Amino acid sequence: MLSAIDIKHISDLARLESSAEELQSLESDLIEILRYISVLDEVVCEDSSAPGHEASVLREDRPQESLPLHQFLDNAPETLDRFLIVPSIK
Amino acid sequence: MSEPEGVTPHGEAGGLVAGKTAVQVAAAVRTGALRAVDALADARARIDASDGALRSFVRLFEGAEERAAEVDALVEAGHDPGPLAGVPVAIKDNIAVADQPLTCGSRILENYRSPFHATAVERLLHAGAVLVGHTNMDEFGMGSSCENSAFFPTHNPWDLERVPGGSSGGSAVAVSARMVPLALGSDTGGSVRQPAALCGVAGLKPTYGRVSRYGLVAFGSSLDQVGPLATTVADTALCLEAMAGHDPRDSTSSKAEVSSAELSKFVIKGRRIGIVEEFVENLPAAIRDNWESSLDSLRDLGCEIVHVAVPTARATVATYYVLATSEASANLARFDGIRYGRRAESSSLSQLYSKSRSEGFGAEVKRRILLGTFSLSSGYYDAYYGKASAAAAQLRTELDSALSRCDVLVTPTTPGPAFRIGELVDDPVAMYLSDVFTTMASLTGLPALAVPSGMSSEGLPLSVQIVGRPFAEADVLGFGAAFERQVGSLVPPPVEPSG
């Protein structure tokens with residue numbers, strides 16, 4: 001049973017940021033939820049094989065009409081001509 | 001003609017929509033007895049009268065009158081607009097309607113406008129439906145009360161101090177308050193069935209793969225399904241038939257043939273119903289009496305009741321909340337402020353990501369993303385995601401075995417009637433337990449229908465859930481319609497006029 005989790009690490013992985021207070025609140029929420037989820041420990045799984053997901057359905061790699069560029073750009077936060085403006089990676 | 005309480009006759013003879021089902025509206029429009037523009041006007045009048053208090057809609061669609069007029073023009077020219085001709089339909093705010101905003105109940109998409117129709121929407125339009133607006137929801141489908149909408153909570157028409165359920169709460173209310181005969185919702189862990197139950201209407205989660213997910217904003221991709229809500233089971237069947245079927249744009253959609261449910265031909269006498277022992281061993285007091293009388297109704301219909309053991313049923317909520325949140329953590333990674341949605345002021349790329357997301361997502365969404373991220377993280381993946389996957393596979397084996405001994409399983413839909421606004425919002429686990437009966441069908445992809453079963457001692461709707469074999473919607477709907485006839489319809493809630 002978990003008594004602590006590295007909430008800052010998980011938060012970074014998820015690209016979320018919070019104040020110290022919020023992080024503490026989120027950590028205690030998560031611990032409480034994980035406490036409930038520990039009921040999974042009692043499940044005895046007989047079949048150790050992977051769940052039966054169907055094989056991926058594939059299609060031919062043929063170019064098809066997709067979204068017109070202007071419609072894509074209409075929803076973009078910042079654009080210049082056909083381009084999307086993003087911060088440079090330093 | 002007698003009117004349900006609180007409804008004002010409107011328009012010409014046959015112009016009243018509020019008391020009519022989708023089946024009736026479509027039939028009247030197709031013969032020219034009712035004009036689609038009048039049906040829409042009636043829906044709009046009902047929305048004006050009631051939605052100030054209920055707050056089920058987040059936006060009304062522009063262009064609806066033109067669309068309704070097109071349907072009328074088709075009828076006048078002697079053509080058939082389709083099986084949903086002129087039916088006013090509400091659409092959940094996570095299902096794409098071209099050129100309309102699509103916000104998923106979230107601030108992070110408050111400036112997003114969809115450039116395309118969801119397949120389910122396209123098919124409803126092809127069947128002649130008139131889309132009225134988007135309905136409120138828990139943000140990104142994460143919630144069981146509509147309290148997690150970034151915009152405002154929706155209220156239960158049976159008691160304004162209570163939740164309508166979620167995440168498709170707005171859709172359930174739009175139908176329950178008779179603003180529209182039909183609404184689309186989405187169901188990942190119970191989000192069509194639970195609000196249907198709390199609002200006293202029918203709601204169907206189709207078999208996974210029965211309806212295309214193209215244009216449904218993804219929450220848990222192996223669980224999500226678009227599903228109809230309506231006042232009758234027959235209306236949910238009509239809607240399903242219009243939407244169902246393979247879609248090349250959704251590789252998880254099934255090529256299984258779509259057939260009409262033929263509810264009138266369904267014979268229930270002699271059929272077998274399975275009761276999951278693990279679910280009924282400790283039923284909450286609030287639903288016990290209604291559960292027993294529901295079983296009596298099924299016996300009166302000639303059903304044989306068998307008890308089945310599904311040991312993993314005790315772990316469905318835990319299993320669901322690991323798998324769904326894991327998938328959600330991946331699906332919501334796309335909301336990063338780069339291509340669409342809210343972009344925060346920032347001084348670096350990584351700050352752009354984290355600030356946009358942190359400002360844009362609500363608390364429950366953050367909680368679930370973190371839970372999913374944790375479940376998939378190094379050192380915990382096997383114990384959480386791996387174990388939950390194995391548990392879901394085991395559940396499927398147990399249910400396949402149970403359904404070999406009976407035609408359908410029947411359970412309560414929810415552990416109680418609608419709870420009060422604010423009652424559970426600070427207790428995530430208690431809120432998650434609203435899904436105790438619904439997650440079973442989600443994890444295994446089985447079709448499941450919520451159908452009203454009567455009232456609680458406080459005068460709030462209760463519901464039973466019917467779960468069937470894969471692609472056996474005809475059976476599930478057949479049972480549902482027979483049960484609905486036996487139990488009788490709920491009298492619609494009184495509509496409070498709002499200022």
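The structure displayed is predicted, hence computed values, not measured ones. Just so we're on the same page: letters track the sequence lines, and every chain starts at 1.
Without hydrogens or angle criteria, Asp138(B) side chain to Asn148(B) main chain gives a donor-acceptor distance under 3.5 Å. In this structure a side-chain-to-backbone donor-acceptor pair under 3.5 Å is present from Ser356(B) to Ala344(B). When atom types are taken as modelled, the side chain of Gln225(B) and the backbone of Val211(B) share a donor-acceptor pair closer than 3.5 angstrom. Within the 3.5 Å criterion, the main-chain N or O of Arg213(B) finds no donor-acceptor partner in the side chain of Asp247(B). Within the 3.5 Å criterion, the main-chain N or O of Arg210(B) finds no donor-acceptor partner in the side chain of Ser254(B). Using a distance-only test at 3.5 Å, with no hydrogens or angles considered, a donor-acceptor pair links the side chain of Arg113(B) to the main chain of Asp99(B). In this structure, Ser221(B) contributes its side chain and Ala218(B) its backbone to no donor-acceptor pair below 3.5 Å. The backbone N or O of Glu278(B) sits nowhere less than 3.5 Å from a side-chain atom of Arg314(B) that would complete a donor-acceptor pair. In this structure, the side chain of Glu27(A) does not engage the main chain of Ala4(A) through any donor-acceptor pair within 3.5 Å.
Interface with chain A: from residues 319-327 of chain B, residues Thr319(B), Tyr321(B), Val322(B) qualify, criterion being any non-hydrogen pair under 4.5 Å. Residues of residues 17-24 of chain A lying under 4.5 angstrom from chain B, judged on non-hydrogen atoms, are Glu17(A) in numerical order.
Residue contact with chain A, scored on non-hydrogen atoms closer than 4.5 Å, involves the side chain of Thr312(B) exclusively. Contact annotation for Ile5(A): only side-chain heavy atoms (C-beta onward) come within less than 4.5 Å of a heavy atom of chain B. Proximity to chain A is limited to the side chain of Asp427(B), based on heavy atoms less than 4.5 angstrom apart. Residue contact with chain A, scored on non-hydrogen atoms closer than 4.5 Å, is absent for Leu332(B). Heavy atoms of Ile10(A) lying under 4.5 Å from chain B belong to its backbone as well as its side chain. At a 4.5 Å heavy-atom cutoff, Asp6(A) makes no contact with chain B through either its backbone or its side chain. In this structure, chain B has heavy atoms under 4.5 Å from both the backbone and the side chain of Leu40(A). Using a 4.5 Å cut-off between heavy atoms, Leu26(A) touches chain B through its side chain atoms alone. Of the two parts of Leu16(A), the backbone and the side chain both hold a non-hydrogen atom closer than 4.5 Å to a non-hydrogen atom of chain B. Heavy-atom distances place both the backbone and the side chain of Ile338(B) under 4.5 Å from chain A. Proximity to chain A is absent for every atom of Ala333(B), based on heavy atoms less than 4.5 angstrom apart.
Pairs engaging residues 61-82 of chain A under the side chain to side chain donor-acceptor pair (under 3.5 Å) rule: Glu78(A)-Arg343(B) [sequence neighbours left out].
The two atoms that bring Leu352(B) and Pro87(A) nearest to each other are CD1-CG, 3.3 Å, heavy atoms only.
Taking 4.5 Å as the limit, some side-chain heavy atom of Phe72(A) sits within range of a side-chain heavy atom of Leu69(A). The closest side-chain heavy-atom distance from Leu395(B) to Val310(B) is below 4.5 Å.
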Taking only distance into account, with no hydrogens and no angle test, what donor-acceptor pairs under 3.5 Å do side-chain atoms of residues 363-382 of chain B form with protein atoms, sequence neighbours excluded?
| unit_1 | atom_1 | unit_2 | atom_2 | d |
| --- | --- | --- | --- | --- |
| Glu364(B) | OE1 | Arg367(B) | NE | 3.0 |
| Glu364(B) | OE1 | Arg367(B) | NH2 | 2.9 |
| Glu364(B) | OE2 | Arg368(B) | NE | 2.7 |
| Glu364(B) | OE2 | Tyr432(B) | OH | 2.6 |
| Lys366(B) | NZ | Ser358(B) | O | 2.9 |
| Arg367(B) | NH1 | Asp29(A) | OD2 | 2.7 |
| Thr373(B) | OG1 | Ile369(B) | O | 2.6 |
| Ser375(B) | OG | Leu371(B) | O | 2.9 |
| Ser377(B) | OG | Phe374(B) | O | 2.7 |

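Per-residue counts of heavy-atom pairs under 4.5 Å with chain A were compared for Tyr112(B), Tyr384(B), Tyr353(B); the largest is that of Tyr112(B). Interface check for chain B: of the options Val43(A), Val57(A), Leu58(A), the most heavy-atom pairs under 4.5 Å are formed by Val43(A). Of the listed residues (Pro68(A), Ser11(A), Ala76(A), Ala14(A)), the greatest number of heavy-atom pairs within a distance under 4.5 Å of chain B belongs to Ala14(A). With chain A as partner, the option from Ser354(B), Ala318(B), Pro115(B) having the largest number of non-hydrogen pairs under 4.5 angstrom is Ser354(B).
Of the inter-residue distances, the one linking Asp93(B) atom CG with Glu139(B) atom CD reads 10.5 Å to the nearest 0.5 angstrom.
Residues Arg107(B) and Glu110(B) are paired through a salt bridge, judged by an N-O separation under 4.0 Å between the basic side chain and the carboxylate.
Using a 30° and 60° split on the angle between ring planes, Phe335(B) and Phe140(B) fall in the tilted class, from 30° to 60°.
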